[in-house]
4 protein chains.
Amino acid sequence: MNARFQSDKVKQKKHHKRTAIIEAAIETFAKKGFHKTKISDIARAADVADGTVYLYFDNKDDLLIKSFDELISGKLNELKKLVEGEETFLARLTMFFDYHVKLFTEKPYIARFMAIELRQSTEFYKKFPDYQPIKRYLNYLQELIDEAKKEGNLRDVDTLGLSYLMFGTMDFVLTEWSTREQSFDLLDIKDKIVDIVRYGMYPIREH
Amino acid sequence: MNARFQSDKVKQKKHHKRTAIIEAAIETFAKKGFHKTKISDIARAADVADGTVYLYFDNKDDLLIKSFDELISGKLNELKKLVEGEETFLARLTMFFDYHVKLFTEKPYIARFMAIELRQSTEFYKKFPDYQPIKRYLNYLQELIDEAKKEGNLRDVDTLGLSYLMFGTMDFVLTEWSTREQSFDLLDIKDKIVDIVRYGMYPIREH
Amino acid sequence: MNARFQSDKVKQKKHHKRTAIIEAAIETFAKKGFHKTKISDIARAADVADGTVYLYFDNKDDLLIKSFDELISGKLNELKKLVEGEETFLARLTMFFDYHVKLFTEKPYIARFMAIELRQSTEFYKKFPDYQPIKRYLNYLQELIDEAKKEGNLRDVDTLGLSYLMFGTMDFVLTEWSTREQSFDLLDIKDKIVDIVRYGMYPIREH
Amino acid sequence: MNARFQSDKVKQKKHHKRTAIIEAAIETFAKKGFHKTKISDIARAADVADGTVYLYFDNKDDLLIKSFDELISGKLNELKKLVEGEETFLARLTMFFDYHVKLFTEKPYIARFMAIELRQSTEFYKKFPDYQPIKRYLNYLQELIDEAKKEGNLRDVDTLGLSYLMFGTMDFVLTEWSTREQSFDLLDIKDKIVDIVRYGMYPIREH
DNA sequence: TATGAATGAGCCTTCATTCAT
DNA sequence: GATGAATGAAGGCTCATTCAT
């Protein structure tokens, strides 16, 4: 092993603890909520000392924010790749939801994290006015919708309205699903909701 | 003044402080969030001593629950009266949304209270598994939907799905609206979303 | 016991804890120094709970300041009464020193408190620019000196200079005496220093 | 380059870091005070790693002590050379004060260091009973005084008393001067105080 | 009933010190 | 010798809850 390799290893190690802390934070915040989570809980879960957390993050708030960022950036990138592999708007929409259903089914605590911890306080938003991770999701959805409208695959619905409808519905379904201990089938309800969003709730007119 | 009258007055008085505390609690929880609200904040707002709160409520959690119950019962009753004054499903649906838009426009902190504080923690739900104030809203929505389906004014969509879609969308729109400092027009977006829910997002087929 | 008496008792009681905390603080700060003194040390010494300290004082710094104020105001008042009972400048000067010698001999920790804790940091002075308890002592000394000059009992020495000389000497003697565990006789050295200040250090010119 | 030279260079280098740390420590302790100074502050100022400090000093206390020693030894040696260049007691006394006025005017933080940090705690003196850097100053002053008395240039004042008077006055003047942001003229007040110490404060008897 | 002073458990954060490299 | 990432003990302060009046 030469010097260059060693340096790489060092760099890797440098980030190892940080990554461990982020992962522990996401899981613990999601499981117990921000306020009930002690820094020492996270430190223990990450197998580091309490003080180590403060080598990588300014304070508890900062850790929350950075955890969100990390989580959402990662997921959004994954999502974009998958979605952009699809051709039609319908396929993309389906993929958008499928991705989340899969993600949250596999790691329900992420659903809780995104659906609940995210919105703890206006104070939080006041403190970090530029911190709008949900906004990035919404923006992405809105791009997809606008494209679809251009393609003619979508009638001229209100972009903002549809994005709120889609995101809000998904968010609520997931919140219910995760706080109610997964008492209904996520895949099933997704299909049923997609059906409503596609065709509306009015009786389908015969022609 | 006879004994009966006196007793009534006493009872009224008895409830006066309780009511004041509940009202102060709702407003304060909504404004500052559950964790940042101190019992002494609520006591001051209600113009009672800290200790007095504990004459009417077991603890802070209990006060939160009772506040929700009070708030939601009141609002739900109001809502039911208005909704049941309408004949058609469409009118009822419209009324359902209009009522909330009006309510939250007038008292935005109630939106915050319902949208955010409501879902603070799994711990909370674990501790009070029977406490599901949202459930009552959802149940009511589902009743309306089922009726409408029977009337033939609604195609055979999934009741649970539609109720989640409607409630989740409303919830999210309100959260955004209240955390983003009312940056968009609530009435306007409501109409646009109702349009989507009615007719779906697909191009309307000519016939 | 009537209502008025009871109210007095309450008032007394109200201040009882505050007084106990101040006294405990002075003694503990003096014995251990500001930084080594824990709030819990003071609380224990005052026989109250830790939290009680914060009912009467904003924080540890505030407690230090208030303790000084209390201590110095009290002592300065006592001192003024005694000094003003004397007629001539010489008697007043003697009283000024005698008072301190007696005070510090009886309660050496007060000497430490005034001589050392008082000047912990420039930060402290920056934070509380108006907080100059020593200044009040100096001002008082300067008044005495100016009067004496007017009376003709004192030659036209520099007032500021003499006040610094007197205060600084006293301060240093006390510091040495208290940090060196009272290894010399305070009364004795006082007389010898007074002699120098009176007649100067040059050989007394015969005439 | 031979081995001896190399060894010298190494020794020099060895001491380079130690010297850098001492200098950084004196300046930083003086500027921020002992308790607010972090080891990492000193390390950064000395341009070494935190751990390096512990190669040369046992702990933070030890670093403080060694810094004092270094500072005081240096200054005392300088002072002695200058003082011993003077013939008469009066000239020596003047030099003693002039030296300090010059030193502290040029590097006010040294005044702070000596006047304040020096006396942080009884604990400190208890821990290091032999550590009396001021003592060396006092001893030197006392030697000067005793010599002067032998020479007949000084009446038979109490040596300890006069040394305390001189040192204490100087100490206090400097403390006031440095904590009050140099609000008065050091040179001017020095002359006025020297006048008092020489001739006393009583009206000069005519003859 | 009502009060509000008192309590004390609990937690975030700092920083002197260590030690593997 | 030199580094600096990691450690973990320690303490100021908050605030839900109690209880004597």
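- Atom CZ of C:F34 sits about 10.0 Å away from atom NE2 of D:H35, to the nearest 0.5 Å.
- Note that OG of B:S67 is 5.0 Å distant from CD1 of B:I26, once rounded to the nearest 0.5 Å.
- Counting only heavy atoms from C-beta on, C:N59 has its side chain closest to F:dC13 among F:dG12, E:dC12, F:dC13.
- When each of E:dT13, F:dT17, E:dA16 is scored by its nearest atom to the side-chain atoms of B:D50, the top-ranked nucleotide is F:dT17.
- Across the protein-nucleic acid pair, C:D58 atom CG and F:dG12 atom P stand 16 Å apart, rounded to whole Å.
- Per the geometry, CG belonging to A:L63 stands 16 Å off P belonging to E:dC11, to the nearest Å.
- Distances from the side chain of B:T52 to the nucleotides E:dT13, E:dT3, E:dT17 place E:dT3 closest.
- Each of F:dA6, E:dT17, E:dA6 was ranked by its minimum atom distance to the side chain of A:Y56; first place goes to F:dA6.
- Between B:I39 and A:A49, the residue whose closest nucleotide on DNA chain F is further toward the 5' end is A:A49.
- Between the CZ atom of A:R18 and the P atom of F:dG4 there is a distance of 20 Å, given to the nearest Å.
- Rounded to an integer number of Å, the gap from B:K36 NZ to F:dT14 C1' is 14 Å.
- Of the candidate nucleotides E:dT17, F:dA6, E:dT13, F:dA6 has the atom lying nearest to any side-chain atom of A:K17.
- Straight-line distance from the OH atom of C:Y54 to the P atom of F:dG11: 12 Å, rounded to whole Å.
- Across all strands shown, D:L55 has heavy atoms under 4.0 Å from base atoms, whether or not it also approaches the sugar-phosphate.
- Checked for salt-bridge contact, D:E27 and D:K31 meet the test: a charged N lies under 4.0 Å from a carboxylate O.
- Following rounding to the nearest Å, D:H16 (NE2) and F:dA2 (C1') show an atom-to-atom distance of 15 Å.
- Under the Watson-Crick or G-U wobble criterion, with both distances below 3.5 Å, E:dT21 is paired with F:dA2.
- In this structure, NZ of B:K60 is placed 20 Å from P of E:dA9, rounded to the nearest angstrom.
- With salt bridges taken as basic N to acidic carboxylate O contacts below 4.0 Å, one links B:E70 and B:R18.
- One interatomic measurement links the two molecules: NE2 of A:H35 to P of E:dG10, which rounds to 18 Å at whole-angstrom precision.
- Residue order along DNA chain F, read from the 5' end via each residue's closest nucleotide, puts D:D47 first among A:V48 and D:D47.
- With rounding to the nearest 0.5 Å, the separation of OG1 in B:T28 from CD1 in B:I21 is 11.5 Å.
- Comparing A:K38 and C:G51 along DNA chain E, the residue whose closest nucleotide (by nearest heavy atom) sits nearer the 5' end is C:G51.
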